[in-house]
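Reading through the structure tokens given below for one structure.
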Amino acid sequence: MTLTDPVVNPAARHRMADMNLFSELHHLVIGSLNDMVAEGALPDGLDFANVAVEPPRDPAHGDMATNAAMVLAKPAGLKPRDIAAGLADKLAADPRIAVAEVAGPGFLNLRLEPAAWHRVVAAALTAGAGFGASRMGQGRKVNVEYVSANPTGPLHVGHTRGAVFGDALASLLDFAGYAVTREYYINDGGAQVDVLARSVYLRYLEALGQQVAFEDGTYPGDYLIPVGEALAEEVGARWVDQPESVWLAEIRDFATMKMMDMIRADLAVLGVEMDVFYSEKSLYGTGRIEEALSELEEQGLIYTGVLEPPKGKTPEDWEPREQTLFRSTAHGDDVDRPIRKSDGSWTYFAPDIAYHYDKIDRGFDELIDVFGADHGGYVKRMKAAVSALSNGRVPLDVKLCQLVKLYKNGAPFKMSKRAGTFVTLRDVVEQVGPDVTRFVMLTRKNDAPLDFDFDKVLEQSKDNPVFYVQYAHARVCSVLRKAAAAGIAVDDAGLAAQDLTGLAHEAEIALAKKIGEWPRLVEIAARHHEPHRVAFYLYELASELHALWNRGNDDPSLRFLQEDAPETSRTKIALIRATAVVISAGLGILGVTPVEEMR
RNA sequence: GGCCCCGUAGCUCAGUGGAUAGAGCAACCGCCUCCUAAGCGGUAGGUCGGAGGUUCGAAUCCUCCCGGGGUCGCCA
């Protein structure tokens, strides 16, 4: 996926209003390069796609750096430093740029005028929660499928991570300009809901006073007791001593409905709200599965055949078997995959194909599936199916969430259904709250395992990133309250209009620069489908604020409230209020509420 | 054995094809008559698992190898 398109794009002017300094300067650089082409300083027909404007790793190299000269040197047949020098002359004429100097092998380092950073602060105050929102997605329709837990019991910790990840990713994409649908696929069509029904039947008998035994192959969980009771209340004793054929279908529907009510409530506790719950069962008997498969059949991708045994390790009960197969290898999979069981019924893969076909049919431009890491082996065949069904038009990105390891006071906390130490989503949220749960779940990349310590996540110290970020926001609010009490106006509109030329100290500019990174970070995180980047950025932003705050200890002129100097105070308050605006926006994407005080 | 993910400071982890690879913890040295010290500054700590390759430039892309985890035809 490429971010933007080239060169003289009329939309470029509008992007200026986004106040993404990086993309602004990128367009400036590209424009200058075009000028150089027009003047004959560069040959025609150069590809500027790899020209980047980025913050250098070492701040000593300035505020921005571009690799333009090094990328273009070879195709242009010129020395990188010569191109850089020519480009530097052009860029130096821009009012935002204080210094443009050639460095190293041909980097062009740019130092910006403080006013450029002041504009960032004002833009944040003006845009408020919308600061950093991007048009990158151009309204493209994205479907994010997540959680999709079997409707057979309460959500557990693993689901919690997927729920938070998927939800934050959806918010991030929304913020980046996509039209997002949050979706949950209910696996209510397979054998596991029959098991659920039998388990509920036992609880039903129990509710009617019978002694029952839970054998293997049933769910013994207490959460089914009220379901059995509710069923007994509704139908009375009429299914006692009746064969399964009489009650199975009805109890299955009843139980699935109850489970989904519970799951919805669990998600609500976490603050997750789906747009669509899509039932697997609704695909059966309606021709939807057949429709999807006939689409594949027309492409010659369905055949009857015998699979080779897995290479290396052959299962003991392996025997050659003829089955209906999907030629997923034609779309990048390693082996073809069965879509029918030997009894003629569908494998789980068949309705999944139909489900994704339906998503494509609903007009989504991109699909994202969030799965647990144990579904890794499923990725290639799903991508193959989507590729085939959409003729390669719709990309599917599958994000795998690794395990969550639980700790209590530094000691591993083993989960066991039998020992009753099964930790549910609700357990976690009730113990530490939705905000902490959500933030902590995003303090690791999705494909890295996550340690979750019930005690450490509640610790109020800088070791706890949740607290650290919240504290930064609270500190700003504290200053605003004090300022208001001193009669200083601190409304955002007024602060946005404040003259900021007084913000000149390097520690103040450093904070403004961090704020300026926000729009760029949003786009990078969205492009990678990685919401954890938002959490890490917020930590860095909070760190800049805490640093500046403490500089006030040594240097009173850096304190935000300056006695008898309300204008100076307002200037400094504009900076930290802009910081709070970004923290608030970032936390909003993560689904975390910013706190105003922490006492 | 095939496929997927991971391997970066003593520990836990960030890192967008860019310059001398970062943060937190732990260790050591400092900072509160002052907006929340629930915080901040500094010192020290690295063959980015290994070897090739692509590139002007690789922790990042490709190949192979080593180590850890996941997964592997009628469970979803």
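Chain letters run A, B, ... following the sequence lines, proteins first and then strands; every chain starts at 1.
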For atom [atom1], what is the distance between [N] and [M], given to the nearest Å?
| N | M | atom1 | result |
| --- | --- | --- | --- |
| A9(B) | A14(B) | C1' | 13 Å |
| G57(B) | A21(B) | C1' | 15 Å |
| U8(B) | G46(B) | P | 15 Å |
| G67(B) | G49(B) | P | 16 Å |
| G73(B) | G2(B) | C1' | 14 Å |
| A23(B) | A44(B) | P | 12 Å |
| A27(B) | C72(B) | P | 44 Å |
| C32(B) | A26(B) | C1' | 25 Å |

>> On RNA chain B, does the nearest nucleotide to L403(A) precede the nearest nucleotide to R321(A) from the 5' side, or the other way round? Give the residue.
In response: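 The residue mapped nearer the 5' terminus is L403(A).
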>> If you assign Q402(A) and P338(A) each to the RNA chain B nucleotide with the nearest heavy atom, which residue ends up on the more 5' nucleotide?
In response: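 Looking at the nearest nucleotide for each, Q402(A) comes out on the 5' side.
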Any ion pair linking [Y] and [X] (charged N to carboxylate O, less than 4.0 Å)?
| X | Y | answer |
| --- | --- | --- |
| E322(A) | R340(A) | no |
| E145(A) | K359(A) | yes |
| K399(A) | D369(A) | no |
| D463(A) | K456(A) | no |

What's [X] touching, base or sugar-phosphate or nothing? Going by heavy atoms closer than 4.0 Å.
| X | answer |
| --- | --- |
| Q323(A) | base |
| D374(A) | sugar-phosphate |
| V71(A) | base |
| Y378(A) | nothing |
| A73(A) | nothing |

>> What does the 5'-to-3' dot-bracket notation of RNA chain B look like when only Watson-Crick and G-U wobble pairs under 3.5 Å count, and pairs to other strands show as |?
In response: (((((((..((((....[...)))).(((((.......))))).....(((((..]....))))))))))))....
> How does protein contact run along nucleotides 11-17 of chain B, one letter per nucleotide 5' to 3', with B for base contact, S for sugar-phosphate only, - for none, heavy atoms under 4.0 Å?
Replying inline: -SSSSB-
Return the value, rounded to whole Å, for the distance between atom [atom1] of [X] and atom [atom2] of [N].
| X | N | atom1 | atom2 | value |
| --- | --- | --- | --- | --- |
| Y471(A) | C35(B) | OH | P | 11 Å |
| R81(A) | A19(B) | CZ | C1' | 12 Å |
| H375(A) | U71(B) | NE2 | P | 10 Å |
| F467(A) | C25(B) | CZ | C1' | 17 Å |

>> Quick one about R381(A) and H331(A) (side-chain donor to acceptor, distance below 3.5 Å, no hydrogens or angles considered), yes or no?
In response: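 Per modelled atom types, H331(A) and R381(A) side chains form no pair under 3.5 Å.
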>> Before we go on, tell me: are the rings of F536(A) and H532(A) under 6.0 Å apart, centre to centre?
In response: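 Close enough - the centres of the two rings lie under 6.0 Å apart.
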> Between Y355(A) and Y278(A), does the ring centre distance come in under 6.0 Å?
Replying inline: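 Distance test on ring centres: under 6.0 Å, yes.
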>> Check whether F454(A) forms a cation-pi arrangement with K408(A) (NZ or CZ under 6.0 Å from the six-membered ring centre, at most 45° off the ring normal).
In response: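 Flagged: K408(A) positioned over aromatic ring of F454(A).
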Minimum-distance nucleotide (side-chain atoms of [X] versus [options]):
| X | options | answer |
| --- | --- | --- |
| S342(A) | A19(B), G73(B), C74(B) | C74(B) |
| K482(A) | C35(B), A37(B), A19(B) | C35(B) |
| N187(A) | A76(B), C35(B), G18(B) | A76(B) |

Report yes if some heavy atom in the side chain of [X] is under 4.5 Å from a heavy atom in the side chain of [Y]; otherwise report no.
| X | Y | result |
| --- | --- | --- |
| L110(A) | D63(A) | no |
| D397(A) | L367(A) | no |
| L450(A) | R161(A) | yes |
| F349(A) | Y378(A) | yes |
| R327(A) | I302(A) | no |

>> Tell me whether H61(A) and A19(B) count as stacked here, given that the ring centres must be under 5.5 Å apart and the planes must differ by less than 30 degrees.
In response: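 Stacked: ring centres under 5.5 Å, planes under 30°.
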> Can you check salt bridge (Lys or Arg N to Asp or Glu O under 4.0 Å) on E506(A) and R551(A), steps first, answer last?
Replying inline: CA-CA 11 Å; E506(A) 54 73 24; R551(A) 290 291 283 267; 3.1 Å; yes
OP1 or OP2 of [N] less than 4.0 angstrom from a side-chain nitrogen or oxygen of [X], does that happen here?
| X | N | value |
| --- | --- | --- |
| W549(A) | A37(B) | yes |
| K380(A) | C4(B) | yes |
| S478(A) | C35(B) | no |

>> Tell me if the side-chain of N109(A) makes a donor-acceptor pair with the base of A19(B), cut-off 3.5 Å, by modelled atom types.
In response: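 It does, because a donor-acceptor pair links the side chain of N109(A) to the base of A19(B) below 3.5 Å.
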> Is C32(B) syn or is it anti, if syn means the base angle is within 90 degrees of 0?
Replying inline: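 In terms of base orientation relative to the sugar, C32(B) is syn.
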Protein N or O to nucleotides 40-45 of chain B N or O, pairs below 3.5 Å:
{"residue": "C40(B)", "atom": "OP1", "partner": "Y468(A)", "partner atom": "OH", "Å": "2.3"}
{"residue": "C40(B)", "atom": "O4'", "partner": "N550(A)", "partner atom": "OD1", "Å": "3.3"}
{"residue": "C40(B)", "atom": "O4'", "partner": "N550(A)", "partner atom": "ND2", "Å": "3.3"}

